[in-house]
Protein chains: 2
Amino acid sequence: MSKRPTSRDVARVAGVSQSTVSLVLAGKAEGRVKPETGQAVREAARRLGYRPNLAARNLRLGRTRTVLFVVPTLVSPIFGAVYTGAARVARDRGFGIVVHPWDDDATPARSPVDIEAIDGVLASSLGGGVAGFGDVPIVVLDNDPADPAPSVNFDVAGGMRAITRHLAGLGHRRLGHLAAAVDTWTFHVRAEVLTETGALTGREHCAIDVAAAREAALALLDRPDRPTAVVCDDDLIAAGAYKAARHLGLDVPRDVSVTGFDDILVASALEPELTTIRLPAERLGARAMAALLERLDGHAPPDVSLPGELIVRGSTAPPRR
Amino acid sequence: MSKRPTSRDVARVAGVSQSTVSLVLAGKAEGRVKPETGQAVREAARRLGYRPNLAARNLRLGRTRTVLFVVPTLVSPIFGAVYTGAARVARDRGFGIVVHPWDDDATPARSPVDIEAIDGVLASSLGGGVAGFGDVPIVVLDNDPADPAPSVNFDVAGGMRAITRHLAGLGHRRLGHLAAAVDTWTFHVRAEVLTETGALTGREHCAIDVAAAREAALALLDRPDRPTAVVCDDDLIAAGAYKAARHLGLDVPRDVSVTGFDDILVASALEPELTTIRLPAERLGARAMAALLERLDGHAPPDVSLPGELIVRGSTAPPRR
DNA sequence: CTGAAAGCGCTTACAG
DNA sequence: CTGAAAGCGCTTACAG
């Protein structure tokens with residue numbers, strides 16, 4: 001339980017001053033410290049297992065190398081992946097991430113009371129926008145690009161268009177929309193694109209939840225002018241659509257085609273496997289963190305839009321004659 | 001972009017000394033500072049929007065109120081939920097969490113090089129144990145309770161026994177085991193319990209992945225002494241078993257019963273819905289963090305084992321005569 | 001009841 | 001090329 005060594009201990013062992021240790025270990029010794037001295041310092045630091053005290057460095061520099069990551073929920077596989085990508089980039093640059101779940105769409109997200117030492121904010125998928133972060137640099141992801149902050153997004157419109165093109169190509173002329181009852185940019189975009197096709201014959205809203213989606217899908221499917229294809233805002237909603245179809249004795253995809261969005265694990269666990277849009281979630285997190293670090297370096301990163309990929313599986317087929 | 005106020009600024013505005021501000025705001029003024037003075041300080045702090053600089057406090061106190069959370073992957077819904085529970089408790093106590101993904105089962109987990117300011121460690125589901133954290137207090141979760149560190153666990157054995165009891169009650173005498181090819185405590189326990197039943201007629205290992213599970217399930221089901229029930233280490237593996245059964249023209253549950261473990265979203269997205277064990281993941285995270293905070297307070301928390309709950313759905317039925 | 005002062009461990013301008 | 005020194009913003013023992 002011996003106390004952790006400080007730069008002063010290293011200096012004593014190396015036979016130099018504490019400031020020299022600091023210089024050498026910060027990599028700022030170039031041309032200012034004799035190579036042998038630098039060697040001795042590094043050797044002593046290694047022997048003692050010295051690691052700089054971050055609290056002291058932060059206090060001195062006024063920066064913390066910590067970023068706040070605001071997400072609606074970590075429980076969704078998508079956000080786990082986004083976090084993973086963001087964390088990788090942060091770590092490579094010596095930054096830490098503090099995660100702050102914020103699932104209230106009606107209110108602007110605010111900094112948690114106990115986080116006052118933050119260099120920047122990454123805010124994901126917030127219905128209510130962001131407030132109360134003062135001058136802290138911010139990058140939004142999966143969020144309305146009209147927001148003044150730099151944004152990193154999935155190309156949601158492009159993904160939805162890929163789906164409608166795919167369905168139109170199969171011959172579908174009557175689409176139903178199972179929309180997520182979540183008031184955020186990404187779902188607004190899905191709805192708009194579908195409306196623009198002119199092929200929409202019905203839309204039901206539901207929570208992102210299998211049981212809720214099943215009920216909504218029943219309302220959509222159990223009527224005379226039944227859509228020949230059901231476009232779902234999310235893979236989980238598609239799972240509910242499958243259940244409704246089965247309940248009504250309809251075969252997927254023979255009697256009704258179903259599409260999802262996200263390509264989470266559920267998509268390939270379903271039977272038949274789900275035609276959906278694969279979103280590069282980990283890449284989104286990485287790009288967003290990179291953009292934030294650019295901002296911290298004083299640059300103005302451009303808005304980014306990452307394309308998804310249409311994954312055609314067994315849940316879509318030509319409509320029945 | 002005015003500079004952030006310090007306790008010195010608050011002192012100036014309140015007309016007191018900096019030390020008095022510190023005392024009042026730390027809640028240690030009781031009987032040492034006149035009530036009016038305390039009022040004035042709090043008022044000034046509020047007006048200026050003062051919040052203490054954590055780096056300075058940490059440096060002074062030698063503590064960081066930060067906990068390192070080592071997890072195999074955040075992408076799994078289970079760990080997202082565990083994190084959510086842990087974060088809630090941490091926040092209530094003014095602690096932050098730094099997440100450190102560690103997915104190498106063969107090597108003991110070590111502290112990431114860039115994290116040196118940690119008060120404690122929460123280590124989850126590690127095959128290789130933990131090393132290199134020195135004297136930092138540690139609590140392990142979903143891990144071998146034989147580890148010397150205090151542990152917080154799911155009652156995996158109890159959950160598996162609930163499944164075998166359920167299947168035995170339905171009349172199953174030949175069980176197959178689709179085992180996760182992951183070398184951690186939780187999966188060892190599942191295998192042991194199943195072996196002890198004496199009803200096991202076959203076991204196949206596979207990655208926790210639908211496609212891999214499908215292949216393993218085919219090996220298990222496509223033979224003369226076919227098991228009447230397939231016990232899966234994980235809901236996702238069960239999804240693969242469904243696919244294999246369908247491929248072989250077997251109906252679930254008429255021709256073969258299938259069980260999962262975890263009750264993640266997939267379980268109720270499947271058709272028929274999956275009989276499985278629901279694990280209190282969020283509660284596990286909360287209990288683990290509470291135990292770690294107890295350790296930090298100098299106490300020795302007891303080992304904890306949280307029971308799961310058998311959720312009987314449509315994937316299990318009596319075996320065919 | 002209140003304040004002056006020391007000191008946590010760094011970084012960096014400055015002096016030599 | 002190297003060191004003495006200031007100072008980041010706190011907490012807390014000590015003096016009054």
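The figures that follow rest on heavy atoms only: side chains count, while hydrogens, waters and symmetry mates do not. To find a chain, count down the sequence lines: A is the first, B the second, and so on, and within it residues start at 1. Values in this document were obtained by computation on a predicted structure and should not be read as measured data.
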- Whole angstrom is fine here: how far is it from CZ in A:Arg57 over to P in D:dG9? 18 Å
- Task: Take the protein atom NZ of B:Lys34 and the nucleotide atom P of C:dG3, then report the distance between them rounded to whole Å.
- Result: 10 Å
- Using heavy atoms to find the nearest nucleotide of DNA chain D for A:Leu59 and A:Val33 separately, return the residue whose nucleotide is more 5′. A:Val33
Donor-acceptor pairs are to be reported for all side-chain atoms of residues 33-44 of chain A against protein atoms at under 3.5 Å, with residues two or more places apart or in another chain.
| unit_1 | atom_1 | unit_2 | atom_2 | d |
| --- | --- | --- | --- | --- |
| A:Glu43 | OE1 | A:Arg46 | NH2 | 3.2 |
| A:Glu43 | OE2 | A:Arg46 | NH2 | 3.3 |

- Message: Under 3.5 Å, is there a donor on one side chain and an acceptor on the other for B:His188 and B:Asp144?
- Response: no
- When Watson-Crick pairs (N1 to N3 and N6-O4 or O6-N4) and G-U wobble pairs (N1-O2 and O6-N3) count only below 3.5 Å on both distances, what is the dot-bracket string of DNA chain C, with | for other-strand pairs? |||.||||||||.|||
- When rounded to the nearest 0.5 Å, the distance separating CG of B:Leu284 from CG of B:Leu306 is 5.5 Å
- Task: Report yes if a side-chain nitrogen or oxygen of B:Ser17 is closer than 4.0 Å to either non-bridging phosphate oxygen (OP1 or OP2) of C:dA4; otherwise report no.
- Result: no
- Query: So, A:Asn153 side chain and A:Asn143 main chain: donor-acceptor pair closer than 3.5 Å or not?
  - Reply: yes
- Item | Donor-acceptor pair, side chain of B:Asp147 and main chain of B:Ala149, under 3.5 angstrom | yes
- Task: To the nearest Å, give me how far apart CG (B:Asp9) and P (D:dC8) are.
- Result: 11 Å
- Do any side-chain nitrogens or oxygens of B:Thr6 fall under 4.0 Å of OP1 or OP2 in D:dG9? no
Please produce a list of atom pairs where a protein N or O lies less than 3.5 Å from an N or O of nucleotides 12-16 of chain D.
| unit_1 | atom_1 | unit_2 | atom_2 | d |
| --- | --- | --- | --- | --- |
| D:dT12 | OP2 | B:Lys28 | NZ | 2.8 |

- Message: What is the separation between atom CG on A:Leu25 and atom P on C:dC10, rounded to the nearest whole Å?
- Response: 9 Å
- Message: Without decimals, in angstroms, what is the distance between A:Glu36 CD and D:dT2 C1'?
- Response: 13 Å
- Can you sort out the partners of B:Ala86 under side-chain contact (heavy atoms from CB on, under 4.5 Å), two or more places apart, ordered by chain and number? B:Ile97, B:Leu122, B:Met289
Under 3.5 Å, which donor-acceptor pairs do the side chains of residues 15-24 of chain A form with other protein atoms, sequence neighbours left out?
| unit_1 | atom_1 | unit_2 | atom_2 | d |
| --- | --- | --- | --- | --- |
| A:Ser17 | OG | A:Ser19 | N | 3.4 |
| A:Ser17 | OG | A:Ser19 | OG | 3.2 |
| A:Ser17 | OG | A:Thr20 | N | 3.3 |
| A:Ser17 | OG | A:Thr20 | OG1 | 3.1 |
| A:Gln18 | NE2 | A:Ser7 | OG | 3.0 |

- By nearest-nucleotide position on DNA chain C, the 5'-leaning member of A:Tyr50 and B:Val16 is B:Val16
- Item | Protein-nucleotide distance (B:Arg51, atom CZ; D:dC10, atom C1'), rounded to Å | 16 Å
- Please, which pairs that meet salt bridge (Lys or Arg N to Asp or Glu O under 4.0 Å) have at least one residue in residues 295-304 of chain B, sequence neighbours excluded? B:Arg93-B:Asp297
- Taking B:Asp9 for its side chain and B:Thr6 for its backbone only, find out whether a donor-acceptor pair lies under 3.5 Å. yes
